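Take a look at the structure set out below.
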Protein chains: 2
Amino acid sequence: MTARLQRGLGVALWRQIADGIRAGIANGLADETGRLPPEAELAERFGVNRHTVRAAIAALAHEGVLESQQGRGTYVRRRKRLIYPIGERTRFSAGLGDQARDTRSEMIGTANESAAAWVTAALDLATGTGVVRIESLGRADGIPVSRSTSWFEADRFEGIAELFSSTGSMTAALAGLGVADYRRASTSIEARHAEEADTRELQLAPGAIVIVTRAVNCDLSGRPVQCSVTRFAADRVELVVDTMALGGK
Amino acid sequence: MTARLQRGLGVALWRQIADGIRAGIANGLADETGRLPPEAELAERFGVNRHTVRAAIAALAHEGVLESQQGRGTYVRRRKRLIYPIGERTRFSAGLGDQARDTRSEMIGTANESAAAWVTAALDLATGTGVVRIESLGRADGIPVSRSTSWFEADRFEGIAELFSSTGSMTAALAGLGVADYRRASTSIEARHAEEADTRELQLAPGAIVIVTRAVNCDLSGRPVQCSVTRFAADRVELVVDTMALGGK
DNA sequence: GAGGATTTGTGCGTATGTATG
DNA sequence: GCATACATACGCACAAATCCT
């Protein structure tokens with residue numbers, strides 16, 4: 001149950017413990033009032049000195065996850081991992097639903113470019129077709145959750161960057177360009193260590209983990225509309241594939 | 001493009017550089033023969049001492065990603081990731097199909113126990129019901145790919161451990177106990193650093209990443225049969241959810 | 001094949017970060 | 001806060017293997 005810690009692998013114990021506490025919070029480590037066990041008990045549970053636990057708590061307090069009060073204890077400020085559903089009707093804001101008060105997607109960059117090989121394959125385009133690339137950042141209550149790069153055929157979706165930028169919704173932007181509805185065709189999922197751009201945009205610690213999904217969305221006739229790569233902060237979200245709700249007939 | 005490195009964040013520079021090199025490989029860091037730039041050049045590019053780059057390369061070599069040869073250079077060992085499909089009919093051997101000559105699942109442990117809260121919830125059982133726990137290891141061509149822990153209701157599936165152990169197939173074991181077919185109801189996916197048991201059973205380097213899936217399988221009447229937690233070696237597999245093939249009607 | 005250039009492997013001394021009691 | 005031990009990172013020097021002219 002308790003993650004076992006290892007020395008000498010390039011990640012300091014206090015950071016492993018910080019990650020362990022963060023994960024533990026989602027699993028009932030804190031009591032119903034949000035109070036963590038005392039430092040001495042955490043130290044024993046993780047098998048380290050209390051100094052080390054204090055360093056971990058200090059880091060989490062600096063991130064805004066915990067708050068320590070002398071004489072009272074240490075309390076959790078934010079609790080659960082967000083659940084991000086994956087299915088036919090996957091959309092950012094709708095998916096997170098009522099798990100956060102405010103879910104929004106913000107455009108942080110765009111460019112026109114010639115499609116790379118795998119983009120042409122995903123969108124079923126001819127080699128070298130012009131495409132629009134859009135970089136966006138998804139937040140839940142202000143906390144960065146995901147970072148996406150999407151590609152669209154340039155001729156078919158001229159002006160989509162402006163539409164997305166002004167509405168903050170990909171669904172709305174596509175609707176404005178004649179795609180009334182769309183469906184997730186396929187999703188591939190991998191996990192890797194965060195790159196520099198991930199740590200910067202998602203405000204992660206170096207060495208953190210990102211879940212990478214590659215997806216293709218099609219319109220109702222089955223024609224590819226959008227392909228995208230999304231990196232999720234692995235300690236903030238959990239992907240859920242509800243097979244039965246999709247395929248159960 | 002040049003990764004920004006930071007000291008004193010609890011993650012050693014050599015590990016940040018290892019992650020940077022791994023990411024760079026996917027982005028054309030190595031030339032067409034798979035050769036990396038010399039250590040001296042990498043050191044200058046990352047702004048660190050050559051010793052530090054060497055520590056990063058040593059870690060990647062230990063993981064099997066790189067291979068150094070004195071006087072010649074450092075080369076990328078490319079190995080393709082296995083694609084593991086997730087859907088209604090997810091099964092270990094059938095899923096990997098012809099990607100490996102030999103895919104097998106081996107039982108490495110079993111026990112009878114009282115169901116934990118989340119197991120009773122997943123299997124729709126009363127609190128404290130007896131369950132059988134089965135630990136297994138999935139291999140493709142002898143290389144460990146996944147490590148699973150599954151739970152079954154003890155009364156309903158008495159002897160399942162022996163059946164699974166002798167057949168090496170969960171599908172066959174369930175068939176022998178009256179479950180002709182079953183379907184994946186839901187899958188949740190997260191990612192974290194490998195724990196000690198992961199590094200041991202899956203033969204991973206410390207600090208490697210595992211993808212964790214939690215799944216429930218139901219029989220054709222929709223009654224839960226099995227719930228399981230599976231840890232995949234993130235650098236050996238990629239999960240693919242084919243939404244359309246499942247839900248597209 | 002000889003010799004120089006390139007590249008990885010090794011040793012040592014020192015300063016700072018991490019972890020313990 | 002202090003003392004101690006180990007991990008990390010640097011700088012310099014040189015050895016060993018390989019490549020090229």
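Small disclaimer: the values here were computed from a predicted structure and weren't measured. What's counted below: heavy atoms across the whole structure, side chains too, no hydrogens, waters or symmetry copies.
Other residues, nucleotides and ligands contribute only 12 or fewer heavy atoms inside 6.0 Å of the CZ atom of R104(B). Counting non-hydrogen atoms of neighbouring residues, nucleotides and ligands closer than 6.0 angstrom, the CZ atom of R54(A) reaches no more than 12 such neighbours. Few gaps surround CD on Q69(B); more than 12 heavy atoms of other groups in view lie less than 6.0 Å from it.
Looking only at side-chain heavy atoms (C-beta outward), T187(B) and T90(B) stay at 4.5 Å or farther from each other.
I17(A) has its CD1 atom 8 Å from the P atom of dA19(C), to the nearest Å. One interatomic measurement links the two molecules: CG of D31(B) to C1' of dT6(C), which rounds to 15 Å at whole-angstrom precision. Rounded to an integer number of Å, the gap from CZ of R15(B) to C1' of dT18(C) is 16 Å.
Partner of Y75(A) under the side chain to side chain contact (heavy atoms under 4.5 Å, CB included) criterion, chosen from L66(A), T33(A), L36(A): T33(A).
Contacts with DNA chain D (heavy atom under 4.0 Å) in residues 66-77 of chain B: Q70(B), G71(B), R72(B), listed by number. Within residues 49-58 of chain B, the residues that place at least one heavy atom under 4.0 Å from DNA chain D are, in residue-number order, N49(B), H51(B), T52(B).
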Requested in this report: Walk me through it: do R231(A) and E201(A) pass the test salt bridge (Lys or Arg N to Asp or Glu O under 4.0 Å)?
Outcome: CA-CA 10 Å; R231(A) 308 87 171 168; E201(A) 303 290 355; over 6 Å; no

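A salt bridge links E63(B) with R22(B): the distance from a Lys NZ or Arg NE/NH1/NH2 to an Asp or Glu carboxylate oxygen falls below 4.0 Å.
Among dT7(C), dT20(C), dT8(D), the nucleotide with an atom closest to any side-chain atom of W14(B) is dT8(D). Side-chain proximity of L13(A) to dT7(C), dA9(D), dT20(C): nearest is dT20(C).
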Can you give me every donor-acceptor pair (side chain of residues 106-114 of chain B, partner residue at least two apart or in another chain, under 3.5 Å) with its distance?
residue	atom	partner	partner atom	Å
T110(B)	OG1	R133(B)	O	2.8
E113(B)	OE1	R133(B)	NH1	2.5
E113(B)	OE2	W151(B)	NE1	2.8
S114(B)	OG	G128(B)	O	3.4

